[in-house]
Every structure is written in structure tokens, then in C-alpha cells.
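A quick note: this is a predicted structure, and the numbers were derived from the prediction, not measured.
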Amino acid sequence: VRATSSKRGTYAVYGVLAVLVCAALYIFTAVTVVIETDQPNAEISLPGSWLTPGGDGRYLLWPGEYSVVVAAPGFYPYEEKLVVEAGGRAEFDLQLKELPGRMVIATLPPTDGEVWIDGQQAGSLSGEEILLDSGSYELRIKTPRFLEYVAMVEVAGRDQRQIVEAELIPNWADVTIASNPPGAEIISSDVVLGLTPTTVELVAGNQQVELRKPGYKTAQSVINIVAGQATELPVFDLEEAGGFLQISSNPAGAAVNMQNSFQG
């Protein structure tokens, strides 16, 4: 029993010596590797490497090729192969790339339209996120019924979500239209806006308005609309439409005069 215990003790001593020799061999042949990034809160890992003593960006590594993965909030994941050559020390300085910011445009009042960034169409007013790198940009909002909105916006980047509120100025005016007799359709740009008498919204600029009513001639008028300036137009007196009179004679070919005017 004592012999067996003695052998076990001897084996244990040999095992400890072997571990110490391997550790010394590793220390003397390994390279001090320093991995730094431009972000102090970045997490660095060496996936797939079974023996990588150290941490926090400082390691003792045998010469060879290693995969390094760096993660930091607000930045793209970084992954690259690093080659460690024999020597006393190796340093790697890794630069991380920022994620774009996520900008959302909210208009007051809500409406449909286009969003333009630095002269390029970048999206619509549908609540979708617009991805932009950090920096200053010219924002333009184009809508059918409001004045164009122009402003400079500062994008923080780093995956931050920003809501930009834009207060729009109406590009129309209230126009009151009446006719005699009433009940005529008000048409502008081939769209029926209502029946007289009523108040309609017309976009700023020169707008052609037509009034149509069965049995009456169509009345037309070009109106200069000033944004935000309400207008009441003079009452349109509709003129009855003329009828058609078919005249025949026997024999045919008789001249027809009406109010001393030859008609055919």
C-alpha cells in the first residue's frame, strides 16, 4: 500500500513539474498582444482560440492567426483576422465604424409628402425611419398643400432614434363661392370641390374655377389665391343654355332669319 501511495505521489510531482514546464515554455514562447479600440467600452473576444490567457485587450498568445471580434453599443460589429508574429510584443489599434442614426419626421399637422435630404429624396412622411450617418443635413419636406419646409438638422448617429417635428405652413386659402341659381358644381383641376354656395380650399397661385349646372352655361374664372388669405368671390350669375330649333320647309331650301340675322 505504501509503495502504491509513493508511486501516486511521484506521479503527482511529475504532473506538477510537467504543468510548470509547459507553462514556462508557453510564457517564454508566447507574445504579448495588446488590442485597443477607439471606444473604451468595447468588448473584445478571440472566439475559437482555446488558449488565450489574459483579457481586457491584453493577451499572451503563441504566434499564429487569430479571429478577433469587437462589439460596442452604437457601432457595427468588428471582426477580423489578426496575425501574431514571433517577438516580444504586438499591438493592434482597431477603429470601429458608427452605426447610422434613425431619424423619423413628424409633421404638424400630419400629412403626406416627400422627405429630401441634401437635395436627394430620402423617404416619405409615412413614419418610416431614415438612416443617416452623424452630421448636419439640410431637410426639405415637400407636400401638395403646404409650403415647402426647409431646416438644418443635426443627426447624432450611433443607432440613436430621433424624432424631428416640423410645423408646416398651409399653402392654401379658404374661398367662398356662390352662384345664382345655387347648386352648381365647383370644379378645379378636374376635381369637384362641392356645390354652391360653399367655402372650399384652393392652393395658392392662379387657379381656374368652373361652375357647372345642368341647363346653364359653364362659368369660368381664374382666381389669384394668396396662402392664408380668405376670399369671398362675387356671386356668379349663371346664364341659361340655349336650345336647338329644327326647322324644315316644303319645298326645302328656304332661308331662315332670326331677329334679322341669317341662320341658315
Side-chain angles (χ1 to χ4, degrees), residues 104-117 119-128 138-151 163-264:
V104 178
I105 308 298
T107 61
L108 301 174
T111 185
D112 296 328
E114 299 175 347
V115 178
W116 291 66
I117 301 293
Q120 301 291 326
Q121 187 173 352
S124 63
L125 296 176
S126 60
E128 63 183 84
E138 182 194 63
L139 167 66
R140 289 180 178 268
I141 300 175
K142 301 180 180 181
T143 66
R145 301 177 63 251
F146 294 86
L147 294 176
E148 184 177 24
Y149 179 90
V150 182
I163 298 178
V164 177
E165 293 186 348
E167 187 171 350
L168 303 181
I169 299 175
N171 190 33
W172 75 82
D174 290 332
V175 180
T176 301
I177 303 175
S179 67
N180 183 25
E185 288 185 333
I186 303 171
I187 300 172
S188 180
S189 300
D190 296 326
V191 177
V192 178
L193 304 178
L195 299 177
T196 58
T198 189
T199 298
V200 297
E201 294 177 352
L202 293 177
V203 176
N206 291 328
Q207 302 293 337
Q208 178 170 300
V209 175
E210 293 185 355
L211 270 62
R212 298 178 185 175
K213 183 178 177 64
Y216 293 85
K217 294 182 179 180
T218 299
Q220 297 181 341
S221 180
V222 176
I223 309 167
N224 182 24
I225 306 299
V226 179
Q229 182 175 318
T231 303
E232 183 174 353
L233 301 180
V235 177
F236 286 83
D237 288 320
L238 303 182
E239 183 180 351
E240 292 185 0
F244 293 94
L245 178 65
Q246 183 175 359
I247 302 175
S248 61
S249 65
N250 187 14
V256 178
N257 291 275
M258 182 175 293
Q259 295 182 344
N260 298 323
S261 176
F262 177 72
Q263 301 296 320

Below 4.5 Å, heavy atoms only, C-beta onward: do [X] and [Y] meet side chain to side chain?
X	Y	value
Leu211	Glu185	no
Ser179	Lys213	no
Leu125	Glu114	no
Thr196	Phe236	no
Leu233	Ser221	no

Has Asn180 got more than 12 heavy atoms of other residues, nucleotides or ligands less than 6.0 Å from its CG?
yes
Any chance CD1 of Ile169 has more than 12 other-residue heavy atoms, nucleotides or ligands included, within less than 6.0 Å?
no
Checking side-chain contact (heavy atoms from CB on, under 4.5 Å) for the pair Asn171/Leu147: CA distance, chi angles, key distance, verdict?
CA-CA 5 Å; Asn171 190 33; Leu147 294 176; 3.1 Å; yes
Can you tell which of Val115, Ile105, Leu168 makes a side chain to side chain contact (heavy atoms under 4.5 Å, CB included) with Tyr149?
Leu168
For Leu202 and Leu193, run side-chain contact (heavy atoms from CB on, under 4.5 Å): C-alpha distance rounded to whole Å, both residues' side-chain angles, the deciding distance at 0.1 Å, then the answer.
CA-CA 9 Å; Leu202 293 177; Leu193 304 178; 3.5 Å; yes
Verdict with reasoning, Glu148 to Ile141, per side-chain contact (heavy atoms from CB on, under 4.5 Å):
CA-CA 6 Å; Glu148 184 177 24; Ile141 300 175; over 6 Å; no
Minimum-distance pair of heavy atoms, taken over all atoms of Ser189 and Gln207
OG-OE1, 4.3 Å
Against the six-membered ring of Trp172, is Arg145 placed for a cation-pi contact (under 6.0 Å from the centre, within 45° of the normal)?
yes
